[in-house]
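This is a predicted model, so every value here is computed, not measured. When reading the values below, keep in mind they use all heavy atoms of this one structure, side chains included, and skip hydrogens, waters and symmetry mates.
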Amino acid sequence: MKDRTTKWLVAGAVVSAVVMIIGYFLWTNLAPLQDINSYSPQELRNVQKEQAINYPLGSLLMNLGFVGFSSSLLALVVRQLLAFLKKKE
């Protein structure tokens with residue numbers, strides 16, 4: 001059962017990383033901008049929202065992927081620490 005749970009957690013981490021990558025490409029502006037230093041941070045954010053493929057979906061996917069990736073990695077680390085401590089006793 002331990003190996004099965006570990007496989008699911010690793011698969012969850014990989015899927016979450018892929019979701020974050022897809023979200024980044026939907027969220028980001030892939031078109032080059034001229035004189036990027038002349039924009040204020042608010043103007044730059046507005047330009048990014050206008051030129052992105054799907055800004056809200058990309059932002060949502062990045063956040064969901066980050067939460068899934070973080071929780072999967074945390075669960076894997078806790079499982080490894082518990083196994084190490086149990087083995088040490």
Evaluate the side chain to side chain contact (heavy atoms under 4.5 Å, CB included) criterion for residues V47 and Y39: first the C-alpha distance (whole Å), next the side-chain angles of each, then the deciding distance (0.1 Å), finally the verdict. CA-CA 9 Å; V47 168; Y39 290 112; 4.3 Å; yes
What's the verdict on side-chain hydrogen bond (donor to acceptor under 3.5 Å, both in side chains) for Q48 and R45, showing C-alpha distance, side-chain angles and the deciding distance? CA-CA 5 Å; Q48 181 179 3; R45 186 175 303 122; over 6 Å; no
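Between the side chains of N29 and Q51, at least one donor N or O lies within less than 3.5 Å of an accepting N or O.
Smallest separation of non-hydrogen atoms from A13 and F69: O-CD1, 3.2 Å. Contact record, L26 with G58: CB-CA, 3.8 Å, taken as the closest heavy-atom pair. When all heavy atoms are compared, the tightest approach of G65 to S16 is O-CB, 3.4 Å.
Under the side-chain contact (heavy atoms from CB on, under 4.5 Å) rule, L61 has a single partner from I21, I22, V18, which is I22.
Residue M62 holds its CE atom at 4.5 Å from CH2 of W27, rounded to the nearest 0.5 Å. To the nearest 0.5 Å, atoms CG (L30) and CD1 (I53) are separated by 5.5 Å.
Counting only distance, with no hydrogens or angles, the side chain of S59 and the backbone of Y55 share no donor-acceptor pair below 3.5 Å. No side-chain donor-acceptor contact under 3.5 Å links S70 to the backbone of V67.
Residues L73 and L9 are not in side-chain contact: their nearest non-hydrogen atoms beyond the backbone lie 4.5 Å or more apart.
The cluster map of Ile, Leu, Val, Met, Phe, Trp and Tyr, joined by side-chain heavy atoms under 4.5 Å apart, puts L64 and W8 in different clusters.
Within a 6.0 Å sphere centred on CZ of F66, other residues, nucleotides and ligands contribute 12 heavy atoms or fewer.
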